[in-house]
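As a basis for the values below, the full set of heavy atoms in this structure was taken, side chains included, without hydrogen atoms, waters or symmetry mates.
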Amino acid sequence: MKYKKYICLICGWVYDEELGSPEDGIPPMTKWEDIPVSWRCPNCGASKTDFDMHIIE
């Protein structure tokens with residue numbers, strides 16, 4: 001199964017769809033497109049548009 005990871009271009013923080021970000025209220029297996037547009041990088045405050053997607057097999 002392929003999992004997408006999204007890397008913040010500002011600080012390098014990684015959002016992994018498989019793991020989610022429970023400490024930020026995003027449960028595991030939450031797809032990137034299901035995260036609100038208003039969400040910000042928990043490390044540096046960057047917006048979702050500042051992330052780049054990578055597929056991990």
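- One hydrophobic cluster, built from ILVMFWY side chains closer than 4.5 Å, cannot hold both V14 and I26; they sit in different ones.
- Contact annotation: the side chain of C44 approaches that of I10 to within less than 4.5 Å [non-hydrogen atoms, C-beta and beyond].
- In this view, L9 and D52 satisfy the side chain to side chain contact (heavy atoms under 4.5 Å, CB included) rule, not counting sequence neighbours.
- Residue pairs meeting the side chain to side chain donor-acceptor pair (under 3.5 Å) criterion with at least one partner in residues 21-36, sequence neighbours excluded, are S21-E23, S21-D24.
- In terms of heavy-atom proximity, S47 sits nearest to F51 at O-CD1, 3.4 Å.
- We find the OH-SG distance between Y15 and C41 to be 13.0 Å, quoted to the nearest 0.5 Å.
- In this structure, the side chains of P27 and P22 stay at 4.5 Å or more apart for every pair of heavy atoms.
- In this structure, the ring of W13 has its center no less than 6.0 angstrom from the ring center of Y6.
- Of the possible polar contacts, one joining the K48 side chain to the I35 backbone as a donor-acceptor pair under 3.5 Å is found.
- Here the straight-line distance linking atom NZ of K5 with atom CD of E18 works out to 8.0 Å at 0.5 Å rounding.
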